[in-house]
Amino acid sequence: MAEAGIAQMVGPVIVLLGSAVVAVPLFRRLGLGSVLGYFAGGLLVGPSVLGIFTEPSTILHISELGVVMFLFLIGVEMRPRKLWGMRGQIFGLGLGQVLLCMALLTGAGLLLGLAPVTAFIAGAGFVLSSTAVIMSVLQERGDIASAQGQQAVSILLLEDLMIVPLLAVVAFLGASGETQPGLLTVLVPLGAVALLIGAGVWLLDPFFALLARARTTEVLTAGALLVVLGSALLMQQAGLSMAMGAFLAGVLLSGSGYRHQIETDVEPFKGLLMGLFFLAVGMSLDLRAVAQDWVMILGLLVLYILVKSLGIFAVARLFGASPLQGLRRVSLFAQGGEFAFVLYAAAVSGGVIDAAENAIFSSVIILSMAVTPLVLLAADHWLAVEAPSMDGVEPVDCLKGRVLMIGFGRFGQIASQMLLAQGVDVALIDNDPDRIREARRFGFTVYYGDGTRLDILRQSGAGTSDMVLVCVDDPKATDRIVQLVAEHFPSSRVLARSYDRGHSIRLRQMGVDFEIRETFESALAFGGAGLRSLGMTAFDVAEVEEDIRRRDIERLEAQAQGNLMSGRDSLHVEPRPEPLVTPRQRA
């Protein structure tokens, strides 16, 4: 009996994984992106096609945890000071886009013959763009840290916040007087936020310090999941979104010494659950409802996308974006999102809209999410950024050198001096035409090439060089170059510039011959200058520097073999992973 029960559980999991394994690589190979592949896989196994899954809503609720994990990891990257600096974008740009688009979409619904209240609910749901789709796209493209990416994150945060007043409006419009909101509707969410912030400030670091003493990775992973899911559940119970709770938890942990370990622990869960979420959205599309009301659904879909696009573009231009930036934001945000399902469900339970209208509006949302990858492909084709001028820039072509240096920015320029001063033959490549032209003014011959491409590495002489120096300032590009050299040019030694401690550990695990954090040596020199300014002798300063350097090496080696919590015995005391030497006094 037990084995039969396990088989019944494992069977659906195999079907889900199989649909993803087949659809996602196929769609990526066709250039349509992984998100659309997940949608297609979910539609195939859902009730509308094969009917293997008949209750997609259950899977959708579970898979929403993927969005929760995603927002948590974004929050970890957002220090409170950085978030405070974004307040103008969140409550200016974000609020402006939401209010204008809501007004335009309500008007569009009225033009299609919807009742005023129904038109407002339908439009308000479509205003809430898909956090899952947009964040997935930004992450795939590496644009989250860019200025446009940060503006997109600001808008999404405001939209997540808007679910609270929108649910209050739905409750007020509801047929039952019992559902009308009171003072508690506002006080409970505010109290929950205050409780979460208080717990984050006073409890999180002692909590993870206690778990770290167990020296067990699994315990830290469980603690990280407890914090993420607990924060999400608290916000949901208070009437806010789970994603908002996870985001706040991430922000509160962003300054913690345990943030890198927590990110590593949560990342695998995020990726798996995000894929499950997109599969569940694809399953939720009811093709029979679409066939029955296809005129209304198609009309709403086209009109809503066009009207919302107009509002997004207008607000983008109003806040200083160029026409090209405005159109790119349109391609990213011109869809509905997962929070619309929450709003429509509340409207149905409150008697504001009926089940048939809910089916139509939900189908519009799902279809808009499904066409977003296609819209983005079209935008990439038609809104391509003008290629930089290649005047005076020579492409890579059969270079030869004892050393290949990839990246000729500030770091590479200084590093190259040691080699060039001794007459070492160095082949230099970079992917910035302006930097190459500037280097030529000072007598350097730098060739244009992207070191993350295998063909460029071959043309640059990686196969015949004794050594490859990776001096780029992008950790992902560094990892890719190191991986390619290790696989295809194993006889070349690899020296790499790392971004931070976690990146150093990763590069060591990849087998580089030497790595150095880009700010490590300059920070040691800076601290040494401070000690000398305080009156210490050069000999004593050198002794302190050597002690710190030795401890750092020992700890990095231990962490490379274990995890970020390893090697704490290299510290003078061990309350936290950092610093290597604990200050004698509190700041």
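Because the structure is a prediction, the values reported are computed rather than measured.
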- Query: Quick one: does Glu515's side chain have a donor or acceptor within less than 3.5 Å of a partner on Ser498's backbone?
  - Reply: no
- Query: In terms of side-chain geometry, is the basic nitrogen of Arg437 or Asp432 positioned less than 4.0 Å from the acidic oxygen of its partner?
  - Reply: no
- Query: Any donor and acceptor pair, going by atom type alone, linking the side chain of Lys308 with main-chain N or O of Phe333 inside 3.5 Å?
  - Reply: yes
- Asp513 side chain vs Leu495 backbone, donor-acceptor pair below 3.5 Å: no
- Task: Answer yes or no: is there a donor N or O on one side and an acceptor on the other, between the side chain of Gln413 and the main chain of Phe408, under 3.5 Å?
- Result: yes
- So OG of Ser154 and CG of Leu95: to nearest 0.5 Å the spacing works out to 12.5 Å
- Tell me, do Phe489 and Leu454 make a side-chain contact under 4.5 Å, heavy atoms counted? yes
- Query: Is there a side-chain contact between Ile406 and Leu404, using heavy atoms and a 4.5 Å cut-off?
  - Reply: yes
- Separation of Ser331 OG from Ile312 CD1 (nearest 0.5 Å): 9.0 Å
- Message: Rounded to the nearest 0.5 Å, what separates atom CZ in Phe526 from atom CG in Leu531?
- Response: 11.5 Å
- To the nearest 0.5 Å, tell me how far Asn431 CG sits from Asp474 CG. 9.5 Å
- In chain order, what residues pass the side chain to side chain contact (heavy atoms under 4.5 Å, CB included) check against Thr537, with sequence neighbours excluded? Phe539, Asp540
- Item | Exercise: identify the closest heavy-atom pair between Ser460 and Leu399 | O-CB, 3.6 Å
- Query: side chain to side chain contact (heavy atoms under 4.5 Å, CB included) with Glu521: which residues, sequence neighbours excluded?
  - Reply: Ile516, Leu524, Arg549
- Tyr499 OH: over 12 foreign heavy atoms closer than 6.0 Å: no
- Item | Shortest non-hydrogen contact between Ala496 and Val482, atoms and distance | CB-CG2, 4.3 Å
- Message: As an exercise, state the distance from CG of Leu318 to CZ of Phe313, rounded to the nearest 0.5 Å.
- Response: 12.0 Å
- Calculate, to the nearest 0.5 Å, the distance between atoms CG and CD1 belonging to Leu457 and Ile481 respectively. 7.0 Å
- Message: Please determine whether a side-chain nitrogen of the Lys or Arg among Arg458 and Asp455 lies less than 4.0 Å from a carboxylate oxygen of the Asp or Glu.
- Response: no
- Query: Checking Ser322 side chain against Gln325 main chain: does a donor-acceptor pair fall under 3.5 Å?
  - Reply: yes
- Query: So, Lys476 versus Thr452: side-chain donor-acceptor pair below 3.5 Å or not?
  - Reply: no
- Item | Ser492 side chain to Ala462 backbone, donor-acceptor under 3.5 Å | yes
- Using a strict cut-off of less than 4.0 Å between a Lys/Arg side-chain nitrogen and an Asp/Glu carboxylate oxygen, indicate whether Arg506 and Asp479 qualify as a salt bridge. yes
- Message: Give me each pair satisfying ring pair (Phe, Tyr, Trp, His ring centres under 6.0 Å) with a member in residues 456-485, each pair once, sequence neighbours excluded.
- Response: none
- Shortest non-hydrogen separation from Leu332 to Ala152 and the atoms involved: CD2-CB, 4.3 Å
- Is the closest basic N to carboxylate O distance between Asp473 and Arg497 below 4.0 Å? no
- Qualifying residues under side chain to side chain contact (heavy atoms under 4.5 Å, CB included), relative to Ala415, sequence neighbours excluded: Met405
- Query: Are Glu438 and Arg435 ion-paired here, with the side-chain N under 4.0 Å from a carboxylate O?
  - Reply: no
- More than 12 foreign heavy atoms under 6.0 Å from CD of Gln417: is that the case here? yes
- Would you say the side-chain atoms of Arg480 pair up with the backbone N or O of Leu484, donor to acceptor, closer than 3.5 Å? no
- Query: Excluding sequence neighbours, so at least two apart, what forms salt bridge (Lys or Arg N to Asp or Glu O under 4.0 Å) with Arg329?
  - Reply: none
- Taking all non-hydrogen atoms of both residues into account, name the closest pair between Val396 and Ile456 and its distance. CG1-O, 4.0 Å
- State whether the number of non-hydrogen atoms from other residues, nucleotides or ligands found under 6.0 Å of Arg517 atom CZ is greater than 12. yes
- Mind jotting down which residue pairs meet the salt bridge (Lys or Arg N to Asp or Glu O under 4.0 Å) criterion with at least one end in residues 401-416? Sequence neighbours excluded, please. Arg402-Asp466
- Any side-chain donor paired with an acceptor under 3.5 Å for Ser130 and Gln335? no
